[in-house]
Amino acid sequence: MRCRVLLLGFVVGTSLCCGACSGEDKEARRRAAGPAPTRAALASVASASAGAALFGRCAACHSIRRGAPDRNGPNLFGVMGKPVGQNSARFGYTAALQQVGGRWTPDRMDAWLTNPQRFAPGTSMGFPGLADPLDRADIIAYLAAQR
Ligand code: HEC
């Protein structure tokens, strides 16, 4: 009997872990946000840990640890809520990004990560954008958690 309980615990534990570590979890979160979800609905199911994994696509150009040096792009520690084009005092931003003005809200970050060139025509961020709105919501949750 005890052995069966242990076995059951193992099976449940394993399937929970696999769900959380794979695309299964992502699709479950996507369903939970409903059809044609708003950005707020996506934000409510967003995962900072999924965003941390996706940040691998940004990490060639961006550090995010507090105080870490800029790379090809500026350090992104604490960027959410900051004035656009000013997160790193040492970085040489383009006028294209700096003249956008305002602060990084989730909506503006979503627009930037969808298509940097449309958000700030002439920006030097050589990144085509992320097509999946849930990927963007996950990255925004991760950025917001780094402060
Ligand atoms: C090929 C290099 C490259 C990649 C990849 C890249 N970026 Fe950038 N990023 C830049 C550069 C360069 C800038 C400065 C743009 C400017 O001054 O016009 C920038 C600027 C930014 C800013 C503005 C920071 C501020 O101070 O306002 C944010 C936010 C940002 N990137 C997020 C991301 C995220 C998130 C990803 C991954 C999904 C990413 N970037 C991928 C190069 C890159």
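Small disclaimer: the values here were computed from a predicted structure and weren't measured. Read the numbers this way: they start at 1 and go in the same order the structure lists the ligands and their atoms.
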**OP:** Classify the ring geometry between Trp104 and Phe119 as parallel (under 30°), tilted (30 to 60°) or perpendicular (over 60°).
**Re:**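 Ring orientation, 0 to 90° scale: parallel.
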Subject >> Ser47 vs Asp138, side chain to side chain donor-acceptor pair (under 3.5 Å): CA-CA, chis, key distance, verdict >> reply: CA-CA 5 Å; Ser47 154; Asp138 287 347; 5.0 Å; no
Subject >> Minimum heavy-atom distance between His62 and Pro74, given as atom pair plus value >> reply: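 Nearest pair, atom of His62 first, then Pro74: ND1-O, 2.7 Å.
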**OP:** Give the minimum heavy-atom separation between Ala46 and Ala137, together with the two atoms involved.
**Re:**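 Looking at all heavy atoms of both residues, the shortest contact is CB-O, 3.5 Å.
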Original post:
Measuring from each atom of ligand 1, which residues have a heavy atom under 4.0 Å away?
Top reply: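 Contacting ligand 1 under 4.0 Å are Arg57, Cys58, Cys61, His62, Asn72, Gly73, Pro74, Leu76, Val84, Gly85, Gln86, Asn87, Phe91, Tyr93, Thr94, Leu97, Trp104, Met109, Trp112, Leu113, Thr123, Ser124, Met125, Gly126, Phe127, Leu130, Ile139.
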**OP:** Can you establish whether the number of heavy atoms outside Arg65 located under 6.0 Å from its atom CZ is more than 12?
**Re:**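 No, CZ of Arg65 has 12 or fewer neighbouring heavy atoms, counting only those of other groups under 6.0 Å.
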Subject >> ILVMFWY network linking Phe77 to Met80, side-chain heavy atoms under 4.5 angstrom >> reply: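 Per the 4.5 Å side-chain linkage, Phe77 and Met80 are not co-clustered.
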